[in-house]
Amino acid sequence: MATPTGTFRPAQALMTGSVTALQLRMFFGELIGIYTRGKQIANRIRTQTIQEGLSWQCPAYGLIETGKYHVAGEDVLIDSGYLQQVPIADKTFYIDLPWVLNMLTPSFDRLQTHYSTTEISMRQIAERQARQTDLKACRMLANSAETVGNEARTANVTGGSTPSGSETPAGLTITNAAMLTSAAVILDSLRQAAQRFDENDVPEGKRYFACHPAQKHLLIADRQLLDGDVQAVRGSNGDYPTAKIYMAHGFEIISSTAVKAMRTAGDYTNVTGDNNLYTKTSTGTHAANAGICFTDESIIRLVRKDLEIDSWYQNSRFAHVVTSRVIDGYSTYRPETVVALRTS
């Protein structure tokens, strides 16, 4: 193969194509597709996009207390017990500093190979940004499940999001050493989580279980879970040969590598750039989390920029530079809709 000659052009491979061609080796739409598909958890929670500023406010509300029987002669506008009010308080959400991920490809590396090194790197940029987005969501969800801690883990409004005097408007943790090794333990924990959601008036539907990949395959191996409903079409809840499982106790099952990454990375402590509290709680530990049950309103993701990618040629390095950034942040919204499954 002849060695290419001429001046290096950042947008050309082996000196072919137009000198004004786009520098990105993949269509941006392809990268957005990879990034969007990779956000398994972030895609299932409430997202609010802002165009300016660093924060956003929305009301956190509770439920109306019970009414009362009317007694003849009482004024329903004056006498005690008739007038009720929805408990509302403003909650402020913040974005973190930009999370940046860059890639550098020397020009010679691009010319001496028969494949696109830039395309491989850009694909990994999109995948890694999606992983980071889900990892932040996992940490916030895990913190939200703790029943003690700072403001992020307490009820939205004084009195909570459930009628006062009844259920506890806070998260819940379920601990069992066999949470990653026993399908029976996982299913019983999901049953407890579903019961907790029902008791806290959490709407059915849009309930999710973000699990460790090991838990997914334990549940798939439980053939009764796949085929136990005689009223349903056999295999309608999953398929053993293709390793698919869909639902358990009303929760959509999401096998998330972010849950595994949270355990592997261990307990997290906020760093410069974190404007929300991702630090582990005083009683919890990120390394022990083995799955999280949540809804679309458990936490809110505030987005200023949801994946921005740029590229240019740096003459001083004879290299092609691709940079990406995501500007977002997470905060607890309804802690009573989060249940964490832990091994300890």
Side-chain angles (χ1 to χ4, degrees), residues 35-45 99 127-146 152-153 171-183 185-194 196-197 206-222 225 238 243-269 276-281 283-296 298-299 301 328 330 332 335 337-344:
Y35 174 70
T36 301
R37 290 190 297 272
K39 296 185 300 178
Q40 295 175 300
I41 297 176
N43 287 340
R44 291 171 168 85
I45 61 175
W99 179 265
E127 292 172 348
R128 185 62 186 84
Q129 285 285 21
R131 171 75 66 83
Q132 173 64 17
T133 299
D134 271 5
L135 185 57
K136 289 170 63 175
C138 279
R139 287 171 176 153
M140 185 57 68
L141 285 168
N143 289 350
S144 302
E146 296 296 329
R153 268 85 69 178
L172 174 70
T173 59
I174 301 174
T175 301
N176 192 302
M179 199 67 77
L180 285 174
T181 57
S182 170
V185 168
I186 299 169
L187 288 173
D188 186 64
S189 299
L190 292 178
R191 177 194 60 78
Q192 295 180 56
R196 176 67 169 230
F197 280 18
K206 295 186 177 180
R207 296 182 179 184
Y208 307 103
F209 172 47
C211 68
H212 191 288
Q215 293 173 308
K216 168 192 170 182
H217 291 283
L218 285 170
L219 294 176
I220 290 173
D222 190 316
L225 185 62
K244 294 181 180 178
I245 185 71
Y246 303 130
M247 302 285 293
H249 289 288
F251 293 100
E252 178 186 339
I253 298 174
I254 308 164
S255 177
S256 172
T257 52
V259 174
K260 178 183 177 182
M262 178 172 62
R263 285 180 55 86
T264 303
D267 295 334
Y268 182 78
T269 301
N276 298 283
L277 190 66
Y278 304 103
T279 300
K280 79 174 187 71
T281 68
T283 58
T285 168
H286 293 152
N289 276 284
I292 305 171
C293 298
F294 65 100
T295 74
D296 59 330
S298 298
I299 61 176
R301 180 182 182 228
D328 65 355
Y330 292 88
T332 303
T337 65
V338 188
V339 175
L341 278 54
R342 292 170 34 178
T343 54
S344 62

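Quick caveat, the model's predicted, so the values are computed rather than measured.
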Quick one, C211 and V259 - any side-chain contact, counting heavy atoms below 4.5 Å? no
In terms of relative ring orientation, are Y208 and F294 parallel, tilted or perpendicular, with 30° and 60° separating the classes? tilted
Could you measure the distance from the SG atom of C138 to the CZ atom of R131? Nearest 0.5 Å is fine. 10.0 Å
Which atoms form the tightest heavy-atom contact between A145 and V339, and what is the distance? CB-C, 4.3 Å
Within this structure, what is the CZ-CE distance for the pair R207 and M247, rounded to the nearest 0.5 Å? 9.5 Å
Any side-chain heavy atom of L135 within less than 4.5 Å of one from Y268? no
Tell me if a side-chain donor or acceptor on D267 pairs with a main-chain N or O of H286 at a distance below 3.5 Å. yes
Residues A265 and R139: closest non-hydrogen pair is CB-NH2, 3.9 Å
Give a yes or no on whether the backbone of M179 and the side-chain of Q215 come within a donor-acceptor separation of less than 3.5 Å. yes
Are any side-chain N or O atoms of Y278 and backbone N or O atoms of Y330, one a donor and one an acceptor, separated by less than 3.5 Å? yes
Which atoms form the tightest heavy-atom contact between G291 and F209, and what is the distance? CA-CE1, 3.8 Å
Could you report the tightest heavy-atom contact between S255 and P213, atom names first, then the distance? OG-CA, 3.5 Å
Within-4.5 Å side-chain heavy-atom neighbours: I292 and M262: yes
Any side-chain to backbone donor/acceptor pair from H249 onto L190? Under 3.5 Å, distance only. no
Interatomic distance, I45 atom CD1 to L141 atom CG [nearest 0.5 angstrom]: 6.5 Å
Quick one: does any side-chain atom of T295 pair with a main-chain N or O of K206 as donor and acceptor, under 3.5 Å? no
Side chains of L172 and Q192: closer than 4.5 Å at any heavy-atom pair? no
So does T279 get a backbone contact from the side chain of N143, meaning a donor-acceptor N/O pair under 3.5 Å? yes
Smallest separation among heavy atoms of V338 and S144, with atom names: CG2-CB, 4.0 Å
Donor-acceptor contact present, side-chain Q40 to main-chain D134, <3.5 Å: no
Measuring from atom OG of S298 to atom CD1 of I41, what distance do you get when rounded to the nearest 0.5 angstrom? 11.5 Å
Using only atom types and a distance under 3.5 Å, with no angle test, would you say the side chain of T332 pairs donor to acceptor with the backbone of P335? no
If I take atom CG from residue L219 and atom CD1 from residue I245, how far apart are they, to the nearest 0.5 angstrom? 6.0 Å
If you define the side chain from C-beta out and look only at heavy atoms, does anything of R263 sit under 4.5 Å from T343? yes
Any chance you could measure D328, atom CG, to T133, atom OG1, to the nearest 0.5 Å? 5.0 Å
Any donor-acceptor pair under 3.5 Å linking the side chain of N43 with the backbone of R37? no
